[in-house]
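Atom set for the values below is all heavy atoms of this structure, side chains included, hydrogens, waters and symmetry mates excluded.
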Amino acid sequence: MISNLAYVHPDAKIGNNVTIEPFAYVEGDVVIGDDCWIGPHACIYNGARLGKGNKVHPGACIACLPQDLKFDGEQTTAVIGDYNDIRECVTIARGTASRGTTVVGDHNLLMAYVHVAHDDVIGSHCVVANRCSFAGEVEVGDWVVIGGHCAIHQWVKIGDHVMLQGGTLLSKDVPPYITVRSDTSSYAGLNRIGLQRRGFTDEQLESLTKTCRILFQSDMNYLNACNEAEAQVPQSAERDYLIEFIRNSQRGVIKPYTSK
């Protein structure tokens, strides 16, 4: 159902069983997949590509212009996957010439006032709490939980299954599977509860615990700690992903555990 009080450009491609509520605004270079709901006063701008089953709540803006002084009007997109819940006043900018697109995966909850900047890549099954802000070209893995009022610096990468405590100011990369302490932006421990909820076995958790103790609690620098973890912890996909993430970091990794 498309309300007569909504503005929908005739060139917009609208799927089956889509509801567009009164006072919503949809521009022409837009694709909205089946079974989406577009709430009152939501704005879907040129370059938006929405999959199926998405909910876009009042005041949210999808594919808005990048807040980047280098942006020169190039044709770019914001690609939203399936079954995302995009709450009130969320803003998702489209890409720039840098990457050409901003990407949000599937089954994410973006709570009110979240800002996803140009060229970001957000994975799937993430929960991002209220008023979090991602600067440009950030990469976030799958099953990430980000507490309210976090601010993520440009180019930062966050691995899978990470949990950021609310209020974290993040300027370094975050390896997978861990929790980040908000007051020091440092390692706080393995995200054990989150991993258990997602079906990680006791054997996997024990392997990750041993690996994290070496990496983040041994007082070695990260290069030596990665070598030591490979020598002491039996090979597994989880161990290798964690170590390779650290080795491949371009911005540097968050600080190890601190008691202060």
Side-chain angles (χ1 to χ4, degrees), residues 1-128 130-140 142:
M1 181 198 76
I2 300 177
S3 170
N4 291 331
L5 296 177
Y7 173 79
V8 179
H9 193 283
D11 291 342
K13 296 178 175 61
I14 310 298
N16 298 318
N17 195 37
V18 171
T19 298
I20 302 180
E21 300 286 5
F23 310 113
Y25 176 82
V26 179
E27 292 189 331
D29 182 19
V30 165
V31 177
I32 298 176
D34 298 343
D35 303 312
C36 287
W37 176 78
I38 311 299
H41 300 284
C43 295
I44 316 296
Y45 294 111
N46 289 329
R49 307 288 186 263
L50 279 68
K52 61 187 177 182
N54 292 293
K55 296 180 179 178
V56 183
H57 289 255
C61 297
I62 310 298
C64 43
L65 292 178
Q67 299 177 48
D68 183 349
L69 294 175
K70 299 185 298 297
F71 180 69
D72 195 29
E74 55 266 26
Q75 295 299 306
T76 57
T77 58
V79 178
I80 313 298
D82 301 332
Y83 301 109
N84 294 287
D85 197 1
I86 299 170
R87 296 305 302 258
E88 295 80 3
C89 301
V90 168
T91 53
I92 302 175
R94 59 186 175 98
T96 69
S98 175
R99 292 180 176 174
T101 189
T102 303
V103 177
V104 176
D106 305 326
H107 297 279
N108 296 295
L109 170 58
L110 306 182
M111 297 186 192
Y113 293 96
V114 166
H115 175 63
V116 179
H118 63 88
D119 304 293
D120 287 347
V121 178
I122 310 296
S124 297
H125 303 282
C126 297
V127 176
V128 184
N130 304 80
R131 297 184 181 276
C132 290
S133 295
F134 299 87
E137 304 185 54
V138 168
E139 297 181 19
V140 179
D142 299 333

Trainee: Could you tell me which non-hydrogen atom of A93 sits nearest to which non-hydrogen atom of A78, and how far apart they are?
Mentor: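 Shortest heavy-atom contact: O-CB, 4.0 Å.
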
Trainee: T102 and H118: side chain to side chain donor-acceptor pair (under 3.5 Å), yes or no, with the steps?
Mentor: CA-CA 6 Å; T102 303; H118 63 88; over 6 Å; no

Trainee: Compare every heavy atom of V18 with every heavy atom of G33, then report the nearest pair and how far apart it is.
Mentor: O-CG2, 3.1 Å

Trainee: With no hydrogens and no angle check, is any side-chain donor or acceptor of E27 less than 3.5 Å from a backbone partner on N46?
Mentor: yes

Trainee: Can you list every side chain to side chain donor-acceptor pair (under 3.5 Å) pair that touches residues 103-113, not counting sequence neighbours?
Mentor: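 Counting only pairs at least two positions apart or across chains, the side chain to side chain donor-acceptor pair (under 3.5 Å) contacts touching residues 103-113 are N84-N108.
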
Trainee: If you apply the rule side chain to side chain contact (heavy atoms under 4.5 Å, CB included), what do you find for V140 with F134, and how did you get there?
Mentor: CA-CA 10 Å; V140 179; F134 299 87; 3.8 Å; yes

Trainee: Does a side-chain heavy-atom distance below 4.5 Å link K52 with N54?
Mentor: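 Side chain of K52 against side chain of N54, heavy atoms only: no contact under 4.5 Å found.
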
Trainee: Should H41 and Y25 count as side-chain neighbours, where that means a heavy-atom distance under 4.5 Å?
Mentor: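 H41 does not reach Y25 side chain to side chain.
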
Trainee: Taking the side chain as every heavy atom from C-beta outward, state whether I86 and I80 have any atom pair closer than 4.5 Å.
Mentor: yes

Trainee: Do you know the tightest heavy-atom contact between G47 and A63?
Mentor: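 Closest heavy-atom pair between G47 and A63: C-CB, 4.0 Å.
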
Trainee: Is it the case that D119 and T96 place a side-chain donor and acceptor less than 3.5 Å from each other?
Mentor: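 Judged by distance alone, the side chains do pair up.
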
Trainee: Are E137 and S98 packed together at the side-chain level, in the sense that at least one heavy-atom pair is separated by less than 4.5 angstrom?
Mentor: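 Of all side-chain heavy-atom pairs linking S98 with E137, at least one is under 4.5 Å.
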
Trainee: Evaluate the side-chain proximity of I38 to T19: yes if any heavy-atom separation is below 4.5 Å, no if none is.
Mentor: no

Trainee: Would you call D29 and H9 a side-chain contact if the rule is heavy atoms closer than 4.5 Å?
Mentor: no

Trainee: Taking E74 first and then R94, would you say they form a salt bridge - that is, a charged N and a carboxylate O separated by under 4.0 Å?
Mentor: no

Trainee: Do you know the tightest heavy-atom contact between D34 and N16?
Mentor: OD1-N, 2.7 Å

Trainee: Quick one, M111 with R131, criterion side chain to side chain contact (heavy atoms under 4.5 Å, CB included). Give me CA distance, side-chain angles, the key distance, then yes/no.
Mentor: CA-CA 8 Å; M111 297 186 192; R131 297 184 181 276; over 6 Å; no

Trainee: The test is side chain to side chain contact (heavy atoms under 4.5 Å, CB included); show your working for V116 and T91 and say whether it passes.
Mentor: CA-CA 6 Å; V116 179; T91 53; over 6 Å; no

Trainee: For F71 and L65: C-alpha separation, side-chain torsions, deciding distance, then whether side chain to side chain contact (heavy atoms under 4.5 Å, CB included) applies.
Mentor: CA-CA 9 Å; F71 180 69; L65 292 178; 3.9 Å; yes

